[in-house]
Peer 1: 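Dropping a structure here in structure tokens format, bear with me for questions.
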Protein chains: 2
Amino acid sequence: MANPFVQKLSGLAELTASDAAAVELATAQPRNYVARQDLIREGDEPGPMFVVLEGWVCRYKVLPSGTRQIMAFLMPGDACDLHIKLLEQMDHSIQAITTATVATVTRDQMQTMMRDHPNVASAMYTAQLVDEGIMRAWIVSMGRRSAPERVAHLICELYLRARNIGLTGEGEFALPLSQSVLADALGMTAVHINRVLKELRLAGAMSVKRGSVTILDATKLVQIAGFDENYLHRRLRRAA
Amino acid sequence: MANPFVQKLSGLAELTASDAAAVELATAQPRNYVARQDLIREGDEPGPMFVVLEGWVCRYKVLPSGTRQIMAFLMPGDACDLHIKLLEQMDHSIQAITTATVATVTRDQMQTMMRDHPNVASAMYTAQLVDEGIMRAWIVSMGRRSAPERVAHLICELYLRARNIGLTGEGEFALPLSQSVLADALGMTAVHINRVLKELRLAGAMSVKRGSVTILDATKLVQIAGFDENYLHRRLRRAA
DNA sequence: CGGGCATTTGACAACAGTCAAATCACGTGG
DNA sequence: CCACGTGATTTGACTGTTGTCAAATGCCCG
């Protein structure tokens with residue numbers, strides 16, 4: 001079975017066999033987490049970099065009021081911040097959403113790999129840039145999109161990201177997120193998300209059921225979302 | 001007059017005189033922009049890295065509906081993404097809010113400087129991490145804070161960032177943002193922001209007037225915002 | 001002294017949250 | 001195989017927040 005991290009990085013830069021082998025080696029010591037288990041908590045001292053190999057993971061923060069905001073979803077192949085160790089303590093937590101397999105890469109391993117394999121370093125910088133673009137898109141969504149637009153936009157994003165790593169079927173893909181997790185990601189309540197999902201279903205755009213989404217009408221969904229895939233930077237300049 | 005970029009970086013890592021001189025040299029060719037002038041637009045091919053020396057700048061995106069969302073404020077000393085050139089085209093625009101002086105650093109200059117001055121590289125990575133933390137905090141604000149909390153939180157953030165670069169007075173600082181710019185940053189309407197500002201003024205927390213904010217009661221403001229300055233990572237681990 | 005933009009206010013409509021209850025889906029143990 | 005318990009989803013009625021539209025006022029700059 002292919003290593004999704006290698007797969008992702010080779011989509012972002014040309015990797016030689018030796019580059020791929022180094023990445024493979026660095027992520028050879030994965031650990032398993034159960035759903036809802038924290039990988040690291042706000043206030044903890046940052047440890048190794050995490051690389052998701054299987055399952056879904058999220059970054060989140062809980063406010064004094066007890067509400068939770070999810071700031072990012074990580075799918076297989078996604079990694080956490082390269083230089084996180086420079087900070088004194090985590091300003092948010094990271095949690096497994098589903099059962100997940102996650103590799104940890106120490107800072108030393110990282111530095112060695114990036115020094116010896118500049119292609120890998122370049123791919124990781126690009127991945128970082130794309131992640132930042134995704135954060136900015138979330139800010140835009142939260143600030144200026146209506147609830148239905150926001151839901152549609154997130155589904156478009158997740159669909160493309162899932163497709164990029166070969167996790168989609170025919171107009172359908174696995175979305176292991178409960179409605180309250182979606183609510184925490186989109187800044188709304190679970191009740192409201194439920195109503196919006198119904199609306200999108202009745203509009204014939206998409207339909208979610210236990211663990212998967214069906215895109216009923218991709219054109220309509222994209223139109224509702226005002227989705228422009230440019231921010232995911234799927235066409236990069238290879239010769240930078 | 002001190003170069004604010006040097007000032008900022010030396011707060012993030014120990015810089016030798018030679019490091020500082022290299023940074024100074026790289027930003028020695030600034031350019032002036034008038035208020036509302038775009039430095040670069042969505043869809044453009046990324047050019048050099050920008051470093052703000054004077055004035056305020058923002059990243060923003062305008063949606064098909066014509067509404068605008070600001071995703072970040074850049075103050076003197078702040079820089080744009082290091083590796084931006086890796087992407088094919090900009091997924092957002094960057095604009096001067098006030099009259100601004102901005103240096104441009106080419107990718108070659110950057111690479112040379114970071115190779116020859118690892119302290120500078122380290123400081124820039126840290127700055128990048130802090131910027132990401134700020135983006136995450138914005139996502140949290142937009143998703144889970146009420147309008148008054150959101151306003152208070154942004155003011156706390158901007159106050160600390162301004163203080164870090166010596167731009168604050170006694171419980172007061174220059175905030176060259178119109179209410180509609182604040183609205184675009186906070187995802188609300190100018191009308192609503194106006195009402196919220198009045199509310200915060202009547203509560204005795206803070207008061208804005210043409211171009212500056214007065215913090216009337218810092219404790220109250222922090223309490224309203226639920227502000228925890230940890231995410232700005234002002235105490236970093238120097239020995240990473 | 002105007003002109004133009006920013007701020008302020010009011011009345012109303014639309015959107016989203018709250019609370020509570022009913023229903024549904026799934027795994028467990030009998 | 002079925003009854004049961006738990007958590008997720010769905011729905012309704014109501015409340016509170018925020019947006020919209022329109023107009024008045026204030027402020028800066030020529």
Side-chain angles (χ1 to χ4, degrees), chain A residues 34-36 56 63 65-70 97-99 140-155 174-203 206-214 224, chain B residues 34-37 56 63 65-70 97-99 141-155 174-203 206-214 224:
Chain A
V34 301
R36 288 163 180 269
W56 286 48
L63 298 188
S65 66
T67 57
R68 181 169 86 139
Q69 178 66 43
I70 289 175
I97 293 178
T98 62
T99 303
V140 172
S141 268
M142 310 278 274
R144 291 297 184 204
R145 279 192 251 263
S146 69
E149 292 167 356
R150 215 146 74 215
V151 172
H153 199 275
L154 179 64
I155 296 300
L175 185 83
L177 308 177
S178 74
Q179 293 185 7
S180 64
V181 168
L182 282 174
D184 284 347
L186 292 167
M188 23 205 280
T189 59
V191 171
H192 195 228
I193 247 260
N194 181 272
R195 290 192 249 255
V196 171
L197 288 176
K198 180 180 179 182
E199 185 184 326
L200 290 170
R201 184 173 358 106
L202 293 180
M206 53 171 274
S207 146
V208 305
K209 48 181 183 309
R210 290 200 98 61
S212 78
V213 192
T214 307
I224 291 173
Chain B
V34 301
R36 290 165 179 265
Q37 187 177 355
W56 286 48
L63 298 188
S65 66
T67 57
R68 180 169 87 139
Q69 178 65 44
I70 290 175
I97 294 177
T98 62
T99 302
S141 268
M142 310 278 276
R144 291 297 185 204
R145 281 192 249 262
S146 70
E149 292 168 354
R150 215 146 73 214
V151 173
H153 199 274
L154 179 64
I155 296 301
L175 185 82
L177 308 177
S178 73
Q179 292 184 8
S180 63
V181 168
L182 282 174
D184 285 346
L186 292 166
M188 27 207 276
T189 59
V191 171
H192 195 227
I193 246 255
N194 181 272
R195 290 193 248 256
V196 170
L197 287 176
K198 180 180 180 182
E199 184 184 323
L200 289 170
R201 182 171 2 105
L202 294 180
M206 54 170 272
S207 147
V208 305
K209 48 180 182 309
R210 288 198 100 62
S212 78
V213 193
T214 308
I224 291 172

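Side chains are part of it too, since the values below use all heavy atoms of this structure and drop only hydrogens, waters and symmetry mates. Protein chains get the first letters and strands the later ones, always in sequence-line order, with residue 1 at the start of each.
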Peer 1: Hey, could you give me each pair passing side chain to side chain donor-acceptor pair (under 3.5 Å) that has a residue in residues 190-201 of chain B? Not counting sequence neighbours.
Peer 2: B/Gln179-B/Asn194
Peer 1: Whole Å only: how far is the CG atom of A/Leu186 from the C1' atom of C/dA16?
Peer 2: 14 Å
Peer 1: Counting primed atoms plus P, OP1 and OP2 as sugar-phosphate and everything else as base, spell out the protein contacts along nucleotides 9-23 of chain D at 4.0 Å heavy-atom distance: B, S or - for each nucleotide, 5' to 3'.
Peer 2: SBBBB----SBBB--
Peer 1: Among all residues two or more places apart in sequence or in another chain, which pass the side chain to side chain donor-acceptor pair (under 3.5 Å) test with A/Ser178?
Peer 2: A/Ser180
Peer 1: About how many Å separate OG of B/Ser207 and CG of B/Leu202, when rounded to the nearest 0.5 Å?
Peer 2: 10.0 Å
Peer 1: Who pairs with B/Arg144 by side chain to side chain donor-acceptor pair (under 3.5 Å), at least two apart in sequence or on another chain?
Peer 2: A/Asp184
Peer 1: Would you call A/Arg145 and B/Leu63 a side-chain contact if the rule is heavy atoms closer than 4.5 Å?
Peer 2: yes
Peer 1: Kindly indicate whether the side chain of A/His153, heavy atoms from C-beta on, has any atom under 4.5 Å from the side chain of A/Val140.
Peer 2: no
Peer 1: Rounding to 10°, can you tell me the angle the first-five-pair axis of the helix from C/dC1-D/dG30 to C/dG30-D/dC1 makes with its last-five-pair axis?
Peer 2: 40°
Peer 1: Please report the distance, rounded to the nearest Å, between NZ in B/Lys209 and C1' in D/dC28.
Peer 2: 17 Å
Peer 1: Taking only residues two or more places apart in sequence or in another chain, which ones pass side chain to side chain donor-acceptor pair (under 3.5 Å) with A/Thr214?
Peer 2: A/Lys209
Peer 1: Using every non-hydrogen atom in the two residues, find where B/Ala147 and B/Val196 come nearest and quote the distance to one decimal.
Peer 2: CB-CG2, 3.9 Å
